[in-house]
Number of protein chains: 2
Amino acid sequence: MNIGQAAKASGVSAKMIRWYEEQGLIPGAARTEAGYRIYRAVDLDRLRFIRRARDLGFGVKQIGELLALWQDRTRASADVKRMALLHVEALEARITALREMAQSIRHLAAHCHGDARPECPILDGISGTRP
Amino acid sequence: MNIGQAAKASGVSAKMIRWYEEQGLIPGAARTEAGYRIYRAVDLDRLRFIRRARDLGFGVKQIGELLALWQDRTRASADVKRMALLHVEALEARITALREMAQSIRHLAAHCHGDARPECPILDGISGTRP
DNA sequence: TCTGGTGCTTCCCATCCTGGGAAGGTCAAT
DNA sequence: ATTGACCTTCCCAGGATGGGAAGCACCAGA
């Protein structure tokens, strides 16, 4: 299977497959004589794992750790759970930050007429004219 | 006022001040004969504006637009409000995505014993073993 | 006046993940 | 044999920030 087919089958673009290989997230693929990368079904499992982990917001480094845990038949589920919950906390921190931004802007916007007049509490708020 | 003092007074690091200048967000500062950038009080206003806008999650391009609106005494407040609410929507989209990630992980983790045993629904979920 | 410490300058690198595109080689079907 | 789709590597971009190096400028104290 060529990289393009592996990309379609796994949902990871060919570009990203090459990049994950470069980052050490997947082992260097076998090559044909012409230099084409060759993938087998088992490689697709790993790619799909990576894609799902990415969809869950894990970073490359964490995905590496998850892959190691996945391959380690003797790992304790506690190790995985700890990683997962730490990641949830990180996500929640980002959510909180974004929510505060949105709330601040909504607050400013609530006082803005939003008509043809130039007076604008939003710009006043950002500029500090109206603290 | 040197760039270091402007940085302290505005809350924008010297590095970022240079970068904003390069990006066209602030006009090229005047220079001493030795090449040092010179800032005046009015420049600080602009820097503080940028910092607050950044704190609200606006990107460089949007901050440029906000600055233009800020300087334009004849703009309609509706224009500003539209931008602000669009940005709120963008923030909410990101929040939603992050919340879905966190929720998915929490769901997987809820079924994970988190003890010394190797069985782990989290890894099963990511790998697709347990769809 | 010399000197040391601090601050300024530019330039490069790294992050984190993704995509675009160029130049050139390969494969398979016509 | 030609063509079109696919592969290879390499470079570039983004968006915002920080680290650090090499070299020059400034100021206070001896």
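Below, chains carry the letters A, B, ... as their sequence lines are ordered, and counting in each starts from 1. Values reported hereafter were calculated over all heavy atoms of this structure, with side chains retained and with hydrogens, waters and symmetry mates removed.
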*asked:* Is any side-chain heavy atom of B:Phe49 closer than 4.5 Å to one of B:Leu66?
replied: yes

*Provide, to the nearest angstrom, the distance between the CD1 atom belonging to B:Ile17 and the C1' atom belonging to C:dG7.*
14 Å

*Tell me, for nucleotides 2-14 of chain D in 5' to 3' order, what letter each nucleotide earns: B for a base near a protein heavy atom under 4.0 Å, S for only sugar-phosphate near one, - for neither?*
----BSBB-----

*Please state how far atom CH2 in B:Trp19 lies from atom P in D:dG15, giving the value in whole angstrom units.*
8 Å

*Take the protein atom CD of B:Glu22 and the nucleotide atom P of C:dT10, then report the distance between them rounded to whole Å.*
10 Å

_A:Met101 CE to B:Ile95 CD1 distance, which is reported to the nearest 0.5 Å_ = 9.0 Å

*Figure out the CZ/C1' separation between B:Arg94 and D:dG15, and round it to whole Å.*
11 Å

_Approximate separation, where rounding is to 0.5 Å, of B:Arg37 CZ and B:Thr32 OG1_ = 10.5 Å

_Under 4.0 Å, heavy atoms only, any strand: does B:Ser13 hit a base, just the sugar-phosphate, or nothing?_
sugar-phosphate

_At less than 4.0 Å, is any side-chain N or O atom of B:Tyr20 found next to OP1 or OP2 of D:dG15? Yes or no._
no

*When rounded to the nearest 0.5 angstrom, what is the spacing between SG in B:Cys120 and CD1 in B:Ile126?*
8.0 Å

*Straight-line distance of A:Cys112 SG to A:His107 NE2, nearest 0.5 Å*: 12.5 Å

*For B:Ala9, does its backbone N or O pair with a side-chain atom of B:Arg48 as donor and acceptor, under 3.5 Å?*
yes

